[in-house]
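In listed order, ligands and their atoms are each counted from 1.
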Amino acid sequence: MADARDAHDILQAAARIAADHLGGLLERPVWQPVPEPLRAALAGQALPERGLDQELLLSTLERDVLAYPMGNGHPAFFGWVNAAPHPAGIAGALLAAAMNPSSAGGDHGDVYLERAAVRWIAELIGFPHEPGAGLLTSGASMATIVAVGAARRRALAAAGWDVRERGLAGAPRLVAYGSEEVHSCVRKAIELLGIGSANLHAVPVDADGHLEIAALRRAIAADRAEGAVPFLVAGSAGTVSTGAVDALDELADVCADEGLWFHVDGAYGGLGVLDPAIAYRYAGMERADSVALDPHKWLQVPAGVGCVLVRDRVQLRETFSYVPAYLRDDAAGELGWFSEYGIEQTRPPRSLPVWAAIAARGREGVAADITACTSTARLLGEMVERDPDFELAAPVETSITAFRYAPADLTPRQADELTRAAAAAVQASGRAFVTDSVFRGRPVLRACLINPAAGAEDVGILLDAVREAVTARRREY
Ligand SMILES: Cc1ncc(COP(=O)(O)O)c(C=O)c1O
């Protein structure tokens with residue numbers, strides 16, 4: 001059994017390695033593949049019979065694992081939606097692990113801090129909040145399952161059907177709506193909750209990736225005419241391919257008119273509302289019944305923290321509360337335990353890194369970081385537009401710049417092939433990291449700017465790396 005002195009030594013050494021890792025990011029390639037022998041060695045290593053010496057243990061992690069990062073952390077990393085962790089958030093995560101309570105509930109510091117962290121997130125995005133109306137989750141996928149689960153219960157209860165007791169067999173057919181660009185986690189939630197993806201209506205988008213409101217209204221009317229029960233609309237506050245923000249106010253109107261649950265997926269883009277230049281796009285987010293938002297994305301909290309906010313906390317408790325005898329806590333107070341508001345029983349203490357990542361910057365600092373990202377994304381958009389070899393695939397609404405290689409002397413098919421191939425080539429170059437997607441049927445490179453440390457130089461490096469990648473490939477034509 002480790003004593004306190006061992007803990008001191010290993011944690012100090014680990015903190016030093018973590019700081020060195022962050023300090024050395026710029027000296028290494030943004031990303032490099034894990035060498036084949038190391039892949040096999042890491043995955044296939046034998047279970048040690050006896051414990052490793054502390055130094056060997058840490059040096060193995062440093063040499064064989066930390067030396068091969070995903071790349072997020074580096075300012076020239078623009079892949080997916082993976083954050084550079086904020087140092088205060090890393091510190092919070094370390095302290096949370098040291099404390100290690102279950103935040104199902106109980107009387108310990110983290111449960112109170114989580115109340116503040118959730119409220120702060122709501123305040124940052126201007127969402128109304130009452131205590132208990134939200135909780136931290138493992139990510140936005142889980143937040144979405146929680147929100148859609150609550151919407152499902154409410155809709156079926158209104159139709160006289162207790163889904164918790166009776167399940168779905170024989171229940172009215174529920175239908176949900178999201179745009180063609182809505183994140184796959186909505187589909188997963190709909191599938192998992194037994195509604196079936198055939199009952200997730202993919203509403204067409206306009207040329208810039210926004211859900212078409214008239215098409216939504218038509219789809220709802222058609223589904224009602226068939227006897228189905230429309231119950232939820234999922235709007236996007238920042239789509240994953242291009243960062244488009246749906247017309248949230250209009251979606252809220254539709255939901256109010258039709259009596260539907262209005263869910264906003266702000267997992268990636270919700271915090272964009274903090275940039276005064278684009279805040280207007282988010283009008284109506286505050287009218288949602290639920291919002292999914294990921295602290296582990298634009299808030300730069302180390303991975304593993306999402307958040308669901310709801311307008312009415314009763315909806316969560318009515319959906320999830322079950323208190324077995326062994327968990328009765330007469331001292332829990334009016335709100336009860338977090339485990340009554342979501343799926344997890346044992347819950348990690350997620351609030352410390354969230355609280356720390358916000359507290360270290362304050363509202364102003366967080367807003368400045370968000371604004372730095374949106375400005376750099378717009379700058380990249382301008383650079384793309386100025387360059388005859390590139391074209392923007394969609395307007396830069398938040399902090400994703402989606403673009404294509406499209407010089408005039410290539411056919412659209414050739415340009416698409418090169419665009420698709422460029423992402424892997426840029427990644428392999430180690431100079432920058434970008435990923436690709438498909439928008440309105442055509443490949444795009446999507447640079448996601450959620451690291452405020454990224455600036456003009458970094459997006460310049462990205463465009464150079466793309467240019468180099470496609471030039472090498474063009475010679476093959
Ligand atoms: C718009 C959007 N929604 C939902 C998710 C899912 O979030 P998570 O990966 O935290 O489950 C993502 C992840 O990239 C996203 O970008």
Side-chain angles (χ1 to χ4, degrees), residues 70-72 77-85 89 93 121 125 134-149 176 178-193 200 202 205 209-211 232-246 248 251 263-273 281-282 285 288 290-309 342-344 347-348 350 353-354 357 370 373 377 394 397-402 433-439 444 446-451:
M70 186 172 167
N72 47 327
F77 179 92
F78 305 101
W80 304 292
V81 198
N82 294 98
I121 291 168
I125 65 161
L135 73 168
L136 300 177
T137 61
S138 57
S141 299
M142 182 58 88
T144 306
I145 291 168
V146 170
V148 177
S179 83
E180 287 164 345
E181 291 292 310
V182 83
H183 192 269
S184 52
C185 74
V186 174
R187 173 172 297 267
K188 279 193 186 175
I190 292 289
E191 289 178 3
L192 191 66
L193 288 160
L200 172 61
V205 291
H210 308 116
L211 185 150
L232 172 137
V233 174
S236 299
T239 58
V240 72
S241 287
T242 66
V245 181
D246 285 336
L248 301 176
L251 288 181
H263 174 72
V264 171
D265 179 0
Y268 143 65
L271 287 170
V273 72
R281 293 190 189 282
Y282 293 81
M285 182 159 68
S290 56
V291 177
L293 189 143
D294 261 340
H296 67 199
K297 292 192 164 78
W298 217 345
L299 203 50
Q300 296 185 264
V301 171
V305 190
C307 179
V308 59
L309 301 169
I343 294 164
E344 296 166 295
R347 303 174 67 246
R350 298 186 174 105
V354 176
I370 297 292
C373 295
E397 291 193 3
T398 46
S399 74
I400 293 176
T401 308
F433 194 109
V434 71
T435 47
D436 62 317
S437 184
V438 173
F439 177 60
V444 293
R446 53 175 295 288
C448 181
L449 275 291
I450 54 169
N451 182 352

Exercise. Would a 4.5 Å heavy-atom cut-off, applied to side chains only, mark I121 and P295 as touching?
Worked result: yes
Seminar exercise, completed: Nearest heavy-atom contact between A394 and F439 is CB-CE2, 3.9 Å
Exercise. Under a 4.0 Å heavy-atom limit, does A267 contact ligand 1 with its side chain, its backbone, both, or neither?
Worked result: side chain
For this session: Could you tell me if any non-hydrogen atom of G306 lies under 4.0 Å from any atom of ligand 1?
Result: no
Problem set entry | Heavy-atom side-chain proximity of C448 to W80 below 4.5 angstrom | no
Exercise. Between H296 and ligand 1, is there a nitrogen or oxygen pair with a distance under 3.5 Å?
Worked result: yes
Problem set entry | M142 touching ligand 1 at heavy-atom level, < 4.0 angstrom | no
Seminar exercise, completed: re atom 10 (O) of ligand 1, the protein heavy-atom contact at minimum distance is D294 OD2, 2.6 Å
Exercise. How far is atom 16 (O) of ligand 1 from its nearest protein heavy atom, and which residue and atom name does that atom have?
Worked result: V240 CG2, 3.3 Å
Problem set entry | Minimal non-hydrogen separation, V444 against V438, with atom names | CG2-N, 4.3 Å
For this session: Would you mind checking which non-hydrogen protein atom is closest to atom 11 (O) of ligand 1, with the distance to 0.1 Å?
Result: S141 OG, 2.5 Å
Exercise. What are the atoms of ligand 1, with element, lying closer than 4.0 Å to any heavy atom of Y268?
Worked result: 16 (O)
Seminar exercise, completed: Tightest non-hydrogen contact, residues T398 and G243, listed as OG1-O, 2.8 Å
Exercise. What heavy-atom pair brings P353 and P302 nearest, and what distance separates the two atoms?
Worked result: CB-CD, 4.2 Å
Exercise. Any N/O of G139 closer than 3.5 Å to an N/O of ligand 1?
Worked result: no
For this session: If you have a sec, work out which protein heavy atom is nearest atom 3 (N) of ligand 1 and how many Å separate them, to one decimal?
Result: D265 OD2, 2.6 Å
Exercise. What's the shortest heavy-atom distance between A237 and V264, and which atoms?
Worked result: CB-CG1, 3.7 Å
Exercise. Looking at G238, which atoms of ligand 1 are within less than 4.0 Å of one of its heavy atoms?
Worked result: 1 (C)
Seminar exercise, completed: So the atoms of ligand 1 within less than 4.0 Å of a heavy atom of C185 turn out to be 4 (C)
Seminar exercise, completed: When distances are taken from atom 14 (O) of ligand 1, the protein heavy atom at minimum range is K297 CE, 3.1 Å
For this session: Provide the closest heavy-atom pair for C373 versus I450 in the form atom of the first, atom of the second, distance.
Result: SG-C, 3.6 Å
Exercise. At what distance is the nearest protein heavy atom to atom 15 (C) of ligand 1, and which residue and atom is it?
Worked result: H183 CD2, 3.3 Å
Exercise. Do S399 and Y268 have side chains that get closer than 4.5 Å, going by heavy atoms?
Worked result: yes
Problem set entry | Close side-chain approach of R446 to T242, heavy-atom, < 4.5 Å | no
Seminar exercise, completed: Here the atoms of ligand 1 under 4.0 Å from any heavy atom belonging to V81 are 14 (O), 16 (O)
Exercise. Hey, is A140 touching ligand 1 through its side chain, its backbone, both or neither, going by heavy atoms under 4.0 Å?
Worked result: both
